[in-house]
Protein chains: 2
Amino acid sequence: MDQETEIQNADSDSDSYTDVLIVGAGPAGLMALYWMAVYGVRARIIDKRGTKVFTGQADGLRPRTLELFDSMGFQHRVIHEGHVAVEANFWVPDRNGKLTRQGPHCSPKINESNHHNMLLTQGRVERFVIDAIQNYSDLEIERGIIAESFEYDENLENDLDAYPITVGLRTLSDEEANPVHLTTNTNESGQQIPNEQGRGSLLPDDWNELIQKSHIRKTKIETVKAKFIIGCDGAHSWTRKQVNIPLDGSVTDHIWGVIDIVPLSNFPDMRRLGTITHSSGTILVIPRERNLVRLYVPVQIVNNTSDTRFDRSAITLEMIKTRIQDIISPYTFDFQICDWWAAYQIGQRIAPSFNKGSRIYLAGDAVHTHSPKVGLGMNMSMQDGFNIGWKVAMVAIGAANPAILNTYTEERHPLAEMLLEFDKLWSGEFTETNENGVANSDKAERMVDVVEKFMDFADGLKVYYSESLLVWKDSKDIGSDATLNLIPGERIPPVKLRNQAEGNSKWTTRLFESDGLFRIIILAGDIRTEEQKKRVEILGTVLAGKDQTKISPIHRYVHIPGHKDQIRVITIHSAPWKEVEFFDFPEILRPFDPIMGWGYGDIWCDGFCDWDPHCQGKGYEKWGVDRTRGAMLILRPDQYIGWAGELEEVDEMTAYLDGVLVKMPTSEL
Amino acid sequence: MDQETEIQNADSDSDSYTDVLIVGAGPAGLMALYWMAVYGVRARIIDKRGTKVFTGQADGLRPRTLELFDSMGFQHRVIHEGHVAVEANFWVPDRNGKLTRQGPHCSPKINESNHHNMLLTQGRVERFVIDAIQNYSDLEIERGIIAESFEYDENLENDLDAYPITVGLRTLSDEEANPVHLTTNTNESGQQIPNEQGRGSLLPDDWNELIQKSHIRKTKIETVKAKFIIGCDGAHSWTRKQVNIPLDGSVTDHIWGVIDIVPLSNFPDMRRLGTITHSSGTILVIPRERNLVRLYVPVQIVNNTSDTRFDRSAITLEMIKTRIQDIISPYTFDFQICDWWAAYQIGQRIAPSFNKGSRIYLAGDAVHTHSPKVGLGMNMSMQDGFNIGWKVAMVAIGAANPAILNTYTEERHPLAEMLLEFDKLWSGEFTETNENGVANSDKAERMVDVVEKFMDFADGLKVYYSESLLVWKDSKDIGSDATLNLIPGERIPPVKLRNQAEGNSKWTTRLFESDGLFRIIILAGDIRTEEQKKRVEILGTVLAGKDQTKISPIHRYVHIPGHKDQIRVITIHSAPWKEVEFFDFPEILRPFDPIMGWGYGDIWCDGFCDWDPHCQGKGYEKWGVDRTRGAMLILRPDQYIGWAGELEEVDEMTAYLDGVLVKMPTSEL
């Protein structure tokens, strides 16, 4: 009797078991689910809505999020459909009150990532993640299902074989799962808005999903027992409420309008990212895919009450349009096509913790709400889900030390705090009024200052992950000197490399796939020198475990589905591509498989390529690594650096891995 | 009674009508079908096989083909899945008989296209084209159907409303449509080959097609009447035989083997494009996607008979492997995974004409057969289909002068002749034997010479399309001086540009979409100078037709579905991006639509972009156009230059268009 059968018989027929239950299939939940698919975890994901999102919602994609998409294999689709917005323009009144462009302002760090800020509707992003999930597994999103009851048996928390969580699920009727406002573009006030949800504005893959949604649905009650639950169920998170975690903070006193329209306007920068400040407020203009433009505008001030929500039905599309026309004047503004619109009032609120014990986790809007105007909501939510997903998955399959789960709140909470601080400052710039109708002359300058202050954080160039089991900051001095810009707790700055065996070029963001493996990155330096070649050969011998006293760190850990080892070794040398051969490197760095042959994908060159201007052979310099001596890194499955050191520091590196990963029983080695 | 109903009633129930019937849904047929979808032509396509190709067949994709894919909107998928092979290595014995690398050799013209040689199995390429077709229309490929009878009534040839072609179709049984060797990897000799057609090696979109293929099929006989027929039915073309067009030439005396395998070898360049010459022959090595490598090897010499086909069952996979092992020795060679293999004997044969009258066209292998080793078969076939497709489609919908159909054979036949000449020389290098087992020392040099001699042709950098209604070579001298490298009958060399309104960068290969439109490309020069600004304004006035004596060339021609005009104007200026505004250009160059707003996609800048190294602002120089004065072009729907001249030459340009396009009835203007 296998484990599955045993479980089925263990309880009443109406109970089912899953290792991980994800509540909410928005950006955060889908990212967490991605890892369940990668690691082959027995998981389920439910969402109360009958279909995925098709229009509206979030649209901003920051460089780090795009780097993650690249590692997940679908960034080419985002580039194909999305809109790049790099330069920002700030329109402010001059001393005569005439709107004048300040800009374009371009980030001085624009080339620190291979990906630039993009805009694309959340609906398409969700489609891409879902397709990536389906490349790995048959996991399906169970839509039109809500969680209704929750029990948690704390006594079972430390027993990894136990199912301490019990959740009651109910299948919704079609009407409940597909409320009118989700399937048509009629707004809550009954206004008719041009409905763009015909085939013309949807791509075929979404179209199919939309027409398939109306399947016959039987209302059903089910009890699920789970080892872990990840609540990705939005600002009004049901999951968060079950575990009594509050959202601290307050709502602001402004009501905002947001519209996705095809503009009819003579404003010069209607297709450029920017702000327009005039008299009583500021508009944010965001160019989008398919001729759409999103505009955010403060609509009115309500009484400052910390808990009362305003009556959204008081705001109409006409009201938002008129407000924009007032601010943008003397330029014209109108539209015939409105893809989506909403009115909202949002405060900066944050949960004190993103987890309850070691089995219950919360991600995305469930633990931090803020205004959408910094274009970070989808990014933060996806990165939350990405962070907790691989950790829970690895623990669930018994491949990682459960202690890594503690790092989730440690790593993500400080970033959510930064997000709120950024949002407060940025939102303030939009609602600040000026009695005489003329903004301060330094308005644009102040906005640039806010953007630049938070740039590293917002673009994800830095995540500031603190020291932990997963991030070893205390490398020896020699280690940190050797890897000046390769900092444990940060991402590896993207570089385009050439494959040694093939000559093809590839960005590290694509090379380091989100395939669930830890990676040892050997920056092998220049093996044309005898001394360096010797160092690399010794490293190869140590890694191969030929010293019979210990088992190679590459082979000693519990495997994950589809991979022979939990560790993948990638070597990046610094010699010119033509002056070194694939077979010059120790065999352990390019291992032979009796079916798949040599590891041609494992040896890379930071060398100049005269047919690819992105491939300049300056990666070592970007990383702050000596081109002759090289260095060595551990990348976590989410491609953040876990450890950095010298080629000789295999013992320290192995100690890092031993602390994180579960060793295989000796009998299986 | 609409036209459709009229036709239905006009004849017996078993007859059906279509404007264009395409026979064969391989690369050539699909490219032709693409245009039917774009122009909304009533068309059908049949194929005798029950499914599309999944493994094997062609795999080489040349730059020009990739440029076309870009214009069709799916090149990002090819880049994501395919393998780039830019440098070639020639391994020849040195004077001691030891195999030695000559290379890598890289084309001196490598950067003349934004796309480089790629390798990807034909099955995926067909998938992408099918998906592109489905983005435009509901046209479906009718599989498992053969054409059995053919009648042609020449008397109706000049009546565009008539259906001179009558074809009898028969639906095949499942067994006929899906012969064993197409659905399993058991070869004709009964050998078992590792079957890689499981889910692991197919992507989900293909997998779905494979499992859906076994639908219940009723044998059915149908008579179809068509205005046009395009035969894309391969080397044994049924269509060609109906019209008694021969294939001239002869088969060669060599039998070749080709295998797609995952190599187990210590040969240093097993993942690099190249050749290995030793004793009695030469192997061609082609690295591919998914760890596959394709190898071509001459297996044996048969008697030189011009018509007899050799017995392919005499060749086994083992025989091919042994032959490779002999040549590659002392390096090892073996494999566990074989994705596909075949033995073939091919000569250079060509049809004297690619059409019969003005209604019957042949494309691809139906009119030219050759060895696959130059990696051009799929490219030539697709470009044939691409060339005839838009011409037939435009005539079928009444938008173009039927005389343009004459240009098909004129344009494509000389290229097929070049292909055969290239193939003869290149193949000769593989089968040339050397009695003492040591190749000539200049072997590698000679191979490079052959490759370089045919490079412009093979990569599609030049097509040498001759003077015709569609290609005006006789532009005034001043015209050709103004556009040194923009030559009528050739493609426009790719350049990356910035959108003036948005700041996004885009390659011309993507900007000039294959959407069925003729394009006027206005190289507006530098409008910061008063004189040039004046020239552009005058041009705008002339194009707008404000001179009441004539109707604007932009608005005067019959429309195609989904577009307001048959002519799209794209302006590319040469001033720095920040020093010019979108609204600086005449309105006719950025027309306003009451629903979609201004034509933001119409004004582009050949300017430097500091976050995109491909965007250097050197396009005018590449095109040989004066940065101040600019020039003007017509691009045909297939993006070949039809006419080139100065901004003042609207009359001559209009004369070109008048010769090609059909004017709208004056009442509809």
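Atom set for the values below is all heavy atoms of this structure, side chains included, hydrogens, waters and symmetry mates excluded. All chains are named by letter (A, B, ...) in the order of the sequence lines, taking the proteins before the strands, and each is independently numbered beginning at 1. The shown structure was predicted, so the numbers you read here are calculated from the model rather than taken from an experiment.
- Interatomic distance, A:Phe582 CZ to B:Met270 CE, rounded to the nearest 0.5 Å: 12.0 Å.
- Interface residue B:Tyr600: only side-chain heavy atoms are found under 4.5 Å from chain A.
- Environment of CD in A:Glu581: crowded, with over 12 heavy atoms of neighbouring residues, nucleotides or ligands closer than 6.0 Å.
- In this structure, the side chains of A:Arg271 and B:Trp598 stay at 4.5 Å or more apart for every pair of heavy atoms.
- Neither the backbone nor the side chain of A:Phe335 comes within less than 4.5 Å of any heavy atom of chain B.
- Both the backbone and the side chain of A:Pro268 come within contact range of chain B, with heavy atoms under 4.5 Å apart.
- If you measure heavy-atom distances from A:Ser265 to chain B, the contacts under 4.5 Å come from the backbone alone.
- For A:Phe583, the part lying under 4.5 angstrom from a heavy atom of chain B is the side chain only.
- Ranked by non-hydrogen atom pairs under 4.5 Å with chain B, the options A:Asn504, A:Asp593, A:Asp610, A:Ile110 are led by A:Asn504.
- Using a distance-only test at 3.5 Å, with no hydrogens or angles considered, no donor-acceptor pair links the side chain of A:Asn111 to the main chain of B:Asp612.
- Heavy atoms closer than 4.5 Å to chain B are found nowhere in A:Asp334, neither backbone nor side chain.
- Using a distance-only test at 3.5 Å, with no hydrogens or angles considered, a donor-acceptor pair links the side chain of A:His80 to the main chain of B:Gly73.
- For the residue pair A:Leu264 and B:Met596, the shortest heavy atom distance occurs at CD2-C, 4.2 Å.
- Among the candidates B:Ser505, B:Pro104, B:Pro287, the residue making the largest number of heavy-atom pairs closer than 4.5 Å to chain A is B:Pro104.
- By the 4.5 Å heavy-atom criterion applied to side chains, B:Trp577 and A:Glu87 are counted as neighbours.
- Listed for the A:His614 side chain is no donor-acceptor partner under 3.5 Å among the backbone atoms of B:His614.
- Looking at heavy atoms from C-beta onward, A:Val262 lies out of side-chain contact with B:Ile595 at the 4.5 angstrom threshold.
- In this structure, the portion of A:Val86 lying under 4.5 Å from any heavy atom of chain B is its side chain and not its backbone.
- The shortest heavy-atom contact between B:Gln336 and A:Pro594 is CG-O, 3.5 Å.
- When all heavy atoms are compared, the tightest approach of A:Trp611 to B:Cys106 is CD1-SG, 4.3 Å.
- The contact between A:Gln500 and chain B is made by backbone and side chain atoms together, counting heavy-atom distances below 4.5 Å.
- Inter-residue side-chain proximity for A:His83 and B:Glu502 is flagged as met; some heavy-atom pair is nearer than 4.5 Å.
- Partner of A:His76 under the side-chain contact (heavy atoms from CB on, under 4.5 Å) criterion, out of B:His76, B:Gln75, B:Glu81: B:His76 alone.
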